[in-house]
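Source: prediction; values computed, not measured. To find a chain, count down the sequence lines: A is the first, B the second, and so on, and within it residues start at 1.
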Amino acid sequence: MRTGSPVLALVVLWLPFLAFAVLALVPPLRRRGRAAGVVGIAAIGAAFVIAVATWLTAGRAETAVSASASWTWPWIPGDGGPMGTVGVMVDELSMAMLVLVTLVSLLVQVYSLEYLDKEPAPGLGRYYVYQSLFAFSMLGLVLAPGFLQMFIFWELVGLCSYLLIGYWYERPAAARAAVKAFWITKLGDLGFIAGIVMLWGATGTFDFATLFEMAHTSRAPLDGIETIMFLIYLGAVGKSAQFPLHVWLPDAMEGPTPVSALIHAATMVTAGVFMVSRAEVLFALAPTVLEIMAWVGAFTALLAATMACVESDIKRVLAYSTVSQLGYMMAAAGASAAGAAFFHLLTHGLFKALLFLGAGAVIHAVGTNDIFRMGGLARAMPHTAIVFLVGTLALAGVWPLAGFFSKEAILGGMWEAHLEIPFAFLALTALLTAFYMFRVVFIAFFGRAHAGGHPHEPGWLMRGPLWVLAALTVAVGARYAAMPSGEHHGPAWLAPTSLALAAAGFGLAWATYQRGVIDPAWLVTAFRPIDFMARRRYGLDALYLALYRGVMLAFSRLIGWVDRYLVDGVLNVLSAASLRAGDLLRRVQTGQAQDYVYGVAFGVLLLVVWVQFWRR
Amino acid sequence: MFTIGLFGVLTRRNAVGILLAIELMLNAVNINLVSFARFRADVGGLVFTLFTIAITVAEVAVGLAIVIVIFRVRKTVEADHLDLLRG
Amino acid sequence: MTGEALAFGAVAVVIVAASLAVVLTPNLFHAVMYLAVALVATGVVFLLLESPFLFGVQLLLYAGGVVTLAVFAIMLTERLVGERIAQTSRYIANGAIVCAAVLAAVLGFLAGVPGVTAPTPAGDTTPAVGRALTGAFVLPFELLGVLLLASLLGALHLARADD
């Protein structure tokens, strides 16, 4: 295992934070829009360079399992050593993520300069503040040496997602989407924190290195580990949009497209997969949870793919596609093929970001998200069309692009784990993936051009990142095609089968949308029940809304009633009682002197009685 | 004699009547003091009685003066009507 | 029964009767008269208790001064309508109960006190009183003078406050 220099990792981590601090604390700079953008880009660019340097200068560690990769500082004191530590853990997993996060952040920030050029300058400055904060949070998450720090940055990343989805906060749909994203991921986070705390309760530490060592030497107390790991998995369910907590991701498309490219394709949503990969040693102790993970992942993949087939909003198609691919990754992790999952995470990060940014170019040019209002864009925007096609081929898993290898690795892993039904789900999903992506390509880029508007190529600030990502996709694929890695999963018939599935999907889409041989309406009729449900998102959104209204609001009303009538009621009764008592007592003061003499006589009486009887 | 005086203080309506009843109470006390002097062969009892008589006279004078002033201001000396201290 | 006791008994009856009359009679003038009777009777008690000096003081100050003052006060506070100063008493029952209770308490208290034997009378005590007043009790005596002066001034001022 290779470990990198913690010093360089720290520099990578703190550079975006520096940009964030500068922009947050110096309002005049922030309000100058493009200047803020330059600051942000400079920081993340430098961070990227250093991340690559970290990767390149990484050496080999002597110890087999652990710990020399991490630097930690004690943070929360406790008996017998600190209870919580913060620091960095720089191994292959985190170094790869460092490069990915900084690269995609850099490309997105450059792209945003042109995409958001119509924004008022203060708004643009605010955007870059959030972007820098997000980069810092995500880097802190991947570098975390323990669950505690990971959780803190997990929440921070969720916050940035909220801020960025709701960037155009004056639009009610955007505000609602941001809140929804926050709520749904919070549900998962509840499980996450519960699991982490229970793990600490069982083992006494949050630190990964210690935990992995305990797991390896079987010293970890094993009862309850299944529950604990399931709860921790729930965090990934929320963050990585697994069923049934996937409903926030399509709505998150209300945010600007570069945001979607960054955090809802390449980085934030992959945090769940990253966490599962990081803790795979612990998950290996809980095979039931792994099985659940595989089934849920495969099911999510299939479900989302069906929903993508009926969408007409290009960003929503890509969102469902992301959900589907995340399902692939989680299924692989559940099949104990976490390496394949992480590989797919990296490749998917590249080509999904590419697809989103390409979609952004299209939206920026045409002014609408609806693919049925686009058409013939290949002629008007050839560069964009080419890169989008590259991304589509990668996503569909066509050799020799990167997506082919990672998808094949996952399918192989599933087969070898003897999870046949999930494997079937994933295979079917591969077909559907090709189908819906080429559907979009054919409808938007080919066919008749629409009358209104004159779409044109975007400027180089947007085209540059697109070409970079496309080149990387091809390069990664070429590398794996030229040097097949030793870990070749799966039976020999897997590769041709997956290619055949992709071809079938392509063929279906071509026949339906390009050639018009098959009427889309016929397809709808053939699959009417699925089509019906898919269009209504399988009723999940409605279910959540009903639950929220019914349960949560009812609960809030109950609490409100208790507060008003019981808590306040006690106080009101007490004060009313004291007022009444005061009223009654004041009647003693009659103002008549003779009544007071009565009082004196009575007092004398009492005194005499006391002396007579009680003092004897 | 004391309790009779107390009864008078408690029940009389007229302020002057109340003062008369107070006189009764004070006289009862004087009798008590003098009998102490007689039965204990202590002349202090007589001296004390002298003092109380003198003070009582002073008190009556001032008290009746106050009653007269009250009558001038409130036009009544009935104790029931003098309830300005009422809370 | 000794003559002294007999005489005391008779005077006691007079005192009690007169006191009751003071507090019960509706007519205030009559009440003042009965008060005078009670005060004189008290003086007689003093005489029986071998202090003629006090008997004299009582007659002079109380029966003379206080009664006169009370009469004047009644005259001055009479309503202009001229109604007789008749009055009823308030809450007789309550007062009676409380006073009976106090009486019972005091008598009960006294009942527990051991009887006292009467020492031989020491003769005329008046010179002794004089010596005490200017000897051991000279300070209160002087203060008494101050008090009388103050009350005199106060009464004067109050009585002419309207000017």
Stepwise side chain to side chain contact (heavy atoms under 4.5 Å, CB included) check, B/Val29 with B/Thr52: CA-CA 9 Å; B/Val29 169; B/Thr52 55; 5.6 Å; no
Stepwise side chain to side chain contact (heavy atoms under 4.5 Å, CB included) check, C/Leu20 with C/Tyr34: CA-CA 9 Å; C/Leu20 281 173; C/Tyr34 286 124; over 6 Å; no
C/Leu69 and C/Val66: CA distance, side-chain angles, deciding distance, side chain to side chain contact (heavy atoms under 4.5 Å, CB included) verdict: CA-CA 5 Å; C/Leu69 281 177; C/Val66 171; 5.5 Å; no
Contact origin within C/Tyr62 toward chain B - heavy atom pairs under 4.5 Å: side chain
C/Leu35 portion near chain B, given a 4.5 angstrom heavy-atom threshold: side chain
Test side chain to side chain contact (heavy atoms under 4.5 Å, CB included) applied to C/Thr42 and B/Leu26, B/Leu24, B/Val34, B/Ile31, the passing residue: B/Ile31
Part of C/Val67 within contact of chain B (heavy atom distance under 4.5 Å): neither
Whether C/Phe141 and B/Phe51 hold their rings parallel, tilted or perpendicular, with breakpoints at 30° and 60°: tilted
Contact class of C/Leu49 relative to chain B, heavy atoms under 4.5 angstrom: both
Nearest non-hydrogen partners of C/Leu148 and B/Ala54, listed with the distance: CD2-O, 3.9 Å
Interface residue of largest heavy-atom contact number with chain B, from C/Val22, C/Val45, C/Val16, under 4.5 Å: C/Val22
Contact origin within C/Leu54 toward chain B - heavy atom pairs under 4.5 Å: side chain
Under 4.5 Å from a heavy atom of chain B, the part of C/Leu144 involved: side chain
Residue among B/Leu64, B/Asn27, B/Ile66 with most heavy-atom pairs under 4.5 Å to chain C: B/Asn27
